[in-house]
Visitor: 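A single structure is presented below for examination.
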Amino acid sequence: MDRERYSPADFESEWQRRWREQGLFAAREDDDRPRTYVLEMFPYPSGHMHMGHVRVYAIGDVLVRFLRMQGQNVLHPMGFDAFGLPAENAAIEEGIHPSVRTRENISSFRSQMEALGYAFDWDRCFATCDPHYYRWNQWFFLRMMEKGLAYRRTAKLNWCPSCATVLANEQVEDGLCWRCGTAVSEREMPQWALRITAYAQELLDDLEKLEAWPDAIVTMQRNWIGRSEGVEVAFPVEGDGEHEPIQVFTTRGDTIFGATYLVLAPEHPLTPRVTTSDRQSEVEDFASRVAATDPAVRTSPDSEKQGVFTGAYATNPFTRERIPIWVGNFVLSEYGTGAIMSVPAHDERDFRFARKYEIPIKVVVQPSVGENLSPNTMEEAFTGDGVLDESGPYTGMTSAEAREAIGAFVEEEGIGVRTVNWHLRDWGISRQRYWGTPIPVIHCERDGLVPVPDEDLPVELPQDVPFTGTGGSPLEQAEEWADVECPMCGGRARRETETMDTFVDSSWYYARYCDAANEQLPVDKEKADRWLPVDIYVGGPEHAVMHLLYFRFWHKVMRDLGLLSSDEPVRRLVTQGIVMKGGAKMSKSLGNTVSPAQMIEKYGADTVRMFILFAAPPDKDIDWNDEAVEGLYRFLARVWRLIAGRLEEVRGIAPAESVESLGGDAKNVWRTIHQAVEAVTRDIGERLMLNTAIARIMELTTALVGFKPADDAERSVLRLGFETLLFLLHPYAPHLTEELWSEMGGEGFLIGHAWPRHDPEALIADTMTLVVQVNGKLRGSVEVPIDAGKDAALEAARSEPNVARFLEGKSIRKEIFVPGRLVNFVAN
RNA sequence: GCGAGCGUGGCGGAACUGGUAGACGCGCCAGACUUAGAAUCUGGUGGCCCUAGGCCGUGGGGGUUCGAUUCCCUCCGCUCGCACCA
């Protein structure tokens with residue numbers, strides 16, 4: 001082998017083989033070292049890895065190797081999120097069965113991951129399409145059915161015509177399908193849902209516990225859960241008592257005296273019933289026009305507010321005034337009660353609506369005492385809190401006081417209740433597709449919906465089904481599979497042909513890794529509590545309100561089923577930025593992708609890992625830059641030449657343990673070594689600044705390159721430098737460092753060696769440089785002994801020629817001395 | 001519209017609790033080695049001024065401070081998230 005040249009292809013795969021054969025990265029169950037669970041979001045196994053994958057796993061890998069060297073017993077598993085549409089679509093287009101395609105993809109994906117040298121515990125690997133895994137999805141579903149957390153409902157659903165399946169609210173982005181970008185339409189259909197709203201309050205409250213999550217993610221979840229407190233009030237409909245009252249929800253009970261009309265959603269059940277006969281055709285026309293509107297357009301705040309008068313009137317229970325009932329296109333039947341009271345003086349939208357249709361406006365909240373807003377002169381609504389006016393007994397109260405008092409009054413009088421509304425809706429999990437977990441339910445004409453008994457799990461997907469892309473789910477056409485006996489009555493019955501949303505799969509996989517082979521339960525409690533919660537979870541921020549909400553919910557369900565004890569799945573969340581090229585996200589359609597496999601072939605895995613970690617801190621986006629990649633390759637080649645080229649100098653020399661007798665260069669190098677250890681340890685372990693840690697390692701390298709030891713004592717410092725460099729660099733460039741370590745005669749694998757510790761004494765220099773300022777402007781610097789006190793430092797500073805020049809003729813008003821940093825003279 | 005985050009050299013990015021702005025890398029310039037190139041090594045590299053040295057400089061403006069990229073106010077720009085939520 002050519003020892004002069006850095007040639008990663010010569011040894012990278014060899015080290016990967018040795019690591020694999022030694023089972024080096026398996027977490028130990030019987031081990032009392034402190035435990036850490038590091039996890040990156042598992043991938044959907046498409047045929048090819050992309051740079052986003054390289055990055056997320058590289059971030060995790062540095063942490064894992066670092067923690068292992070720090071003496072932790074680390075769990076770092078990997079698996080595959082293998083159910084989902086692409087494999088099924090490929091089956092329709094190419095006729096390859098999803099299970100075959102998926103198996104191939106997993107195997108090629110896995111070998112690409114291995115080529116990057118990641119320290120995964122492959123013993124615990126599983127794919128979610130494996131019946132050994134998804135049977136537990138079914139088991140969970142049955143437990144949730146028993147607890148009323150899984151239920152069947154008929155609802156208007158988001159329907160993606162391209163994927164031919166329904167989507168949860170979280171999965172619709174700007175009215176488009178999150179996966180394929182097709183416009184989503186609405187469909188009324190029966191479906192299975194999980195009652196995530198039963199945990200809404202806890203999901204909200206426990207956000208407080210997620211101290212080590214990015215604020216942005218916590219905020220997004222809080223907004224998505226969207227708790228709003230208010231009051232539901234009944235407004236009696238005028239007439240002969242044949243109508244039930246209209247329930248409205250409001251968060252602004254304090255403005256109720258200003259409610260001058262009501263608006264119903266067109267779909268509200270009372271809409272046709274309250275409408276007077278002379279208005280009937282107008283209201284019906286309006287309702288059907290609204291129903292025909294594209295839902296994305298309808299729910300856009302920019303679309304015009306329109307309404308029609310129903311001809312009917314209600315009574316404001318507080319003012320006793322007769323107020324008209326309208327129907328409006330902007331009132332949503334799904335939120336609150338599907339009806340609102342309108343307070344035009346204090347709501348922007350109501351204000352515009354009232355002006356447009358000439359409905360009276362009544363001011364009942366003044367910004368402060370003594371102010372006098374008037375409907376005649378107002379140009380916009382006053383939407384803030386203030387002081388009540390024209391509000392009977394509540395006049396003079398603040399908005400907050402009035403909300404409290406009015407809420408209490410409404411409950412006393414029995415005309416309403418204080419309630420809480422949530423933006424979060426139950427999670428619809430039915431998918432009309434094949435490649436997912438079958439929902440374990442049987443439809444029996446006699447017994448209705450019958451859960452599949454536990455002992456019959458898993459309900460496996462049938463292999464032999466037609467993939468035509470038409471006519472609904474392939475399972476619909478799997479007659480033999482769908483045709484079963486009812487477990488209750490033994491009569492003919494039919495399986496549920498819907499499958500579960502694939503977000504179910506990713507909602508608990510992290511727990512399964514703790515006990516991946518368990519055939520009795522999803523996870524054994526003792527093992528779950530041994531490793532959970534996950535200490536560090538790395539993944540993309542695009543999952544802020546989907547995966548990261550679902551799996552928090554699932555964790556609490558698992559806790560309540562007695563499977564584990566913790567309240568939250570993850571302690572620290574690290575979100576990683578995207579990898580771009582030329583300022584745009586890498587994508588096939590833009591043709592700006594960079595293939596990891598080609599990069600590895602050209603530069604080796606270590607260079608690719610180094611570049612992607614050096615370009616920016618983990619949470620920032622990075623732009624791929626071929627020239628910068630070359631730079632990292634040059635750096636590694638420099639390390640190679642430094643150590644491989646100077647082996648003779650350190651052969652048989654032990655690393656220096658102290659530097660008592662040394663001076664000059666050797667002592668400076670000694671200090672640089674310890675400084676590097678200190679900085680790299682802090683950057684990786686505390687600050688997660690994986691990029692600046694590399695910068696410190698580069699500085700150490702430069703110092704060692706320039707160090708020419710004169711005798712054995714100095715050579716022992718060089719030896720220490722080489723070893724330290726390899727230890728610090730190992731998490732980033734595991735192959736290169738193993739190779740050089742073994743060339744140096746080092747024993748064992750580097751991951752088994754203790755991470756270096758710095759000697760605080762070594763960081764202290766004999767002298768320090770003080771910056772000298774005059775009136776805050778830099779005028780010079782002086783070198784003083786490390787133990788120089790204030791007086792000595794000031795004296796030295798004053799006598800610095802340039803400083804003296806600026807002080808001349810001035811009197812010093814103040815002297816500031818920051819030890820180790822600077823001196824500042826304030827003078828005039 | 002609401003919420004969150006971010007604006008630093010030609011570029012990616014550093015600067016821990018306010019204390020030398022620009023670490024480290026890319027690029028560029030000069031030099032060494034070489035017949036030449038590649039590779040490598042050394043030095044330089046925010047702008048302006050003729051230099052010792054000085055002035056300006058972290059999106060704009062203002063404030064607090066001996067001292068501000070860092071803290072406060074305000075404006076501008078970009079990114080992300082949510083959005084007729086009553």
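Here is how names work: the chains are called A, B, and so on, in the same order as the sequence lines, proteins then strands, and each is numbered from 1. If you're wondering where the values come from, they're calculated on a predicted model, not measured in any experiment.
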Visitor: How would you label the contact of A/Asp621 with the nucleic acid (heavy atoms, under 4.0 Å): base, sugar-phosphate, or nothing?
Guide: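 The answer is sugar-phosphate, as A/Asp621 gets under 4.0 Å only of primed atoms, P, OP1 or OP2.
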Visitor: Find the distance A/Asp619:CG to B/U79:C1' and express it as a whole number of Å.
Guide: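 Taking CG of A/Asp619 and C1' of B/U79, I get 13 Å after rounding.
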Visitor: From the list B/C84, B/C66, B/U20, which nucleotide is the closest neighbour of the side chain of A/Asn329?
Guide: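 Side chain of A/Asn329 sits closest to B/C84.
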Visitor: Check every atom of B/U20, B/A86, B/U40 against the side chain of A/Arg641 and return the nucleotide holding the closest atom.
Guide: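 Nucleotide nearest to A/Arg641's side chain: B/U40.
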Visitor: Where each residue is assigned the nucleotide of RNA chain B containing its nearest heavy atom, which of A/Glu304 and A/Asn223 is assigned the position nearer the 5′ end?
Guide: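 Its nearest nucleotide being more 5', the pick is A/Asn223.
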Visitor: Which is true for A/Thr219 with a 4.0 Å heavy-atom rule: it touches a base, it touches only sugar-phosphate, or it touches nothing?
Guide: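 Since only primed, P, OP1 and OP2 atoms lie under 4.0 Å of A/Thr219, the category is sugar-phosphate.
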Visitor: To the nearest Å, give me how far apart CZ (A/Phe235) and P (B/A86) are.
Guide: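 Rounding to the nearest Å, CZ of A/Phe235 and P of B/A86 are 16 Å apart.
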Visitor: Taking 4.0 Å as the cut-off, does a side-chain nitrogen or oxygen of A/Arg687 come that near to OP1 or OP2 on B/A15?
Guide: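 Affirmative; the distance criterion is met.
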Visitor: Could you work out which one of B/C84, B/A86, B/A83 sits closest to the side chain of A/Trp224?
Guide: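 So the nucleotide nearest the side chain must be B/A83.
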Visitor: Please list, pair by pair, any protein nitrogen or oxygen found under 3.5 Å from a nitrogen or oxygen in nucleotides 23-28 of chain B.
Guide:
unit_1: B/A23; atom_1: O2'; unit_2: A/Glu699; atom_2: OE2; d: 2.8
unit_1: B/C26; atom_1: OP1; unit_2: A/Arg634; atom_2: NH2; d: 2.8
unit_1: B/G27; atom_1: OP2; unit_2: A/Arg634; atom_2: NH2; d: 3.1

Visitor: Looking only at the side chain of A/Val826 (C-beta and beyond, no hydrogens), which of the listed nucleotides B/G19, B/G3, B/C66 gets closest?
Guide: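 Comparing B/G19, B/G3, B/C66 against the side chain of A/Val826, the answer is B/C66.
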Visitor: Output the pairing pattern of RNA chain B as a dot-bracket string, 5' first, Watson-Crick or G-U wobble with both distances under 3.5 Å, | for cross-strand pairs, [ ] for crossing pairs.
Guide: (((((((..(((......[....)))((((((.......))))))((((...))))..(((((..]....))))))))))))....
Visitor: Which word best sums up how the rings of A/Phe257 and A/Phe318 line up, parallel for under 30°, tilted for 30 to 60°, or perpendicular for over 60°?
Guide: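 It falls in the perpendicular class, over 60°.
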Visitor: Between B/U69 and B/U65, how far apart are the two C1' atoms, rounded to whole Å?
Guide: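 Comparing C1' positions in B/U69 and B/U65 gives a spacing of 16 Å.
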Visitor: Are OP1 or OP2 of B/C85 and a side-chain N or O of A/Arg349 less than 4.0 angstrom apart?
Guide: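 True: A/Arg349 side-chain N/O within range (under 4.0 Å) of B/C85 OP1/OP2.
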Visitor: When the C1' atoms of B/U64 and B/A83 are compared, how many Å lie between them, rounded to an integer?
Guide: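 Result for the C1' pair: 38 Å, nearest Å.
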Visitor: I'd like the C1' distance from B/G9 over to B/A14, given in whole Å.
Guide: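 Going atom to atom, C1' in each nucleotide, I get 13 Å.
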Visitor: Can you tell me if the side-chain N/O atoms of A/Lys305 get under 4.0 Å from OP1 or OP2 in B/C84?
Guide: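 Answer no for this pair, as no side-chain N or O of A/Lys305 is under 4.0 Å from OP1 or OP2.
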Visitor: Is A/Asp426 reaching over with its side chain to a backbone N or O of A/Thr197, donor-acceptor style, under 3.5 angstrom?
Guide: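 Pair found, side chain donor or acceptor close to backbone of A/Thr197.
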Visitor: Taking the same atom, C1', in B/C11 and in B/A4, what whole-Å distance lies between them?
Guide: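 Result for the C1' pair: 28 Å, nearest Å.
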Visitor: Quick one: A/Gln773 CD to B/G18 P, roughly how many Å, whole number?
Guide: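 Rounding to the nearest Å, CD of A/Gln773 and P of B/G18 are 16 Å apart.
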Visitor: Look at all strands and tell whether A/Pro617 reaches a base, only sugar-phosphate, or nothing, counting heavy atoms closer than 4.0 Å.
Guide: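 It contacts sugar-phosphate atoms only.
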Visitor: Roughly how far apart, to the nearest Å, are B/G25 and B/G43 at atom P?
Guide: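 These two P atoms come out 12 Å apart once rounded.
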Visitor: Report all interatomic pairs (protein N or O, nucleotide N or O of nucleotides 54-56 of chain B) with separations under 3.5 Å.
Guide:
unit_1: B/G54; atom_1: OP1; unit_2: A/Arg779; atom_2: NH1; d: 3.4
unit_1: B/G54; atom_1: OP1; unit_2: A/Asn802; atom_2: ND2; d: 3.0
unit_1: B/C55; atom_1: OP1; unit_2: A/Arg779; atom_2: NH2; d: 3.2
unit_1: B/C55; atom_1: OP2; unit_2: A/Arg779; atom_2: NH1; d: 3.0
unit_1: B/C56; atom_1: OP2; unit_2: A/Lys777; atom_2: NZ; d: 3.1

Visitor: Ring centres of A/Tyr261 and A/Phe353 under 6.0 Å apart?
Guide: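 Close enough - the centres of the two rings lie under 6.0 Å apart.
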Visitor: Counting side-chain heavy atoms from CB outward, which of B/C84, B/A83, B/A86 is closest to A/Ser228?
Guide: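 From the listed options, B/A86 comes nearest.
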Visitor: Base, sugar-phosphate, or nothing for A/Val331, non-hydrogen atoms under 4.0 angstrom?
Guide: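 Result for A/Val331 = base.
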Visitor: Do the ring planes of A/His543 and A/His547 sit parallel (below 30°), tilted (30 to 60°) or perpendicular (above 60°)?
Guide: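 It falls in the perpendicular class, over 60°.
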Visitor: If we count only N and O atoms by modelled type, under 3.5 Å, do the side chains of A/Ser228 and A/Asn421 hold a donor and an acceptor together?
Guide: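 Looking only at side-chain atoms, A/Asn421 and A/Ser228 do not form any donor-acceptor pair under 3.5 Å.
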Visitor: Kindly say if A/His423 contacts the phosphate of B/A83, meaning a side-chain N or O under 4.0 Å from OP1 or OP2.
Guide: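 It does, given that an N or O in the side chain of A/His423 lies less than 4.0 Å from OP1 or OP2 of B/A83.
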Visitor: Rounding to the closest angstrom, what is the interatomic distance between B/C29 and B/C78 at atom C1'?
Guide: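 34 Å, rounded to whole Å.
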Visitor: On a whole-Å scale, what distance lies between the P atoms belonging to B/U70 and B/A15?
Guide: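 Roughly 15 Å separates the two P atoms.
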Visitor: For residues 326-334 of chain A, please give each side-chain donor-acceptor pair under 3.5 Å, one per line with the distance, not counting sequence neighbours.
Guide:
unit_1: A/Asn329; atom_1: OD1; unit_2: A/Gln306; atom_2: N; d: 2.9
unit_1: A/Asn329; atom_1: ND2; unit_2: A/Glu304; atom_2: O; d: 3.0

Visitor: So, A/Tyr633 side chain and A/Lys602 main chain: donor-acceptor pair closer than 3.5 Å or not?
Guide: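 No.
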Visitor: What integer number of Å spans the P atoms of B/A23 and B/G47?
Guide: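 Result for the P pair: 13 Å, nearest Å.
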Visitor: Holding to salt bridge (Lys or Arg N to Asp or Glu O under 4.0 Å), I want the full list of residues that pass it with A/Glu232, two or more places apart in sequence or in another chain.
Guide: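 Applying salt bridge (Lys or Arg N to Asp or Glu O under 4.0 Å) to A/Glu232 gives none.
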Visitor: Within a 6.0 Å radius of atom NZ on A/Lys305, are there more than 12 heavy atoms belonging to other residues, nucleotides or ligands?
Guide: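 Check passes, neighbour count above 12.
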Visitor: Mind calculating the distance between CZ (A/Arg5) and C1' (B/U40) to the nearest angstrom?
Guide: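 From A/Arg5 CZ to B/U40 C1': 12 Å.
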Visitor: Between A/Ser399 and A/Arg252, what is the shortest heavy-atom contact and its length?
Guide: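 Heavy atoms only, the tightest pair is OG-NH2, 4.1 Å.
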Visitor: Please give, in whole Å, the distance from B/G19 P to A/Phe817 CZ?
Guide: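 My rounded result for the distance is 16 Å.
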Visitor: Expressed as a whole number of angstroms, how long is the span from A/Phe825:CZ to B/G19:P?
Guide: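 Rounding to the nearest Å, CZ of A/Phe825 and P of B/G19 are 20 Å apart.
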Visitor: Nearest-Å distance, CG (A/Asp623) to C1' (B/C11)?
Guide: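 So the CG-C1' distance, A/Asp623 to B/C11, works out to 10 Å.
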Visitor: Would you kindly give the CG-to-C1' distance between A/Asn824 and B/G19, to the nearest whole Å?
Guide: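 After rounding, the gap between these two atoms is 9 Å.
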Visitor: What residue pairs, at least two apart or across chains, pass ring pair (Phe, Tyr, Trp, His ring centres under 6.0 Å) with a residue in residues 672-698 of chain A?
Guide: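 Qualifying pairs, neighbours excluded: A/Trp670-A/His674.
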Visitor: What contact category does A/Glu686 fall into here, base, sugar-phosphate, or nothing, at under 4.0 angstrom with non-hydrogen atoms?
Guide: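 Nothing, no nucleic acid heavy atom in range.
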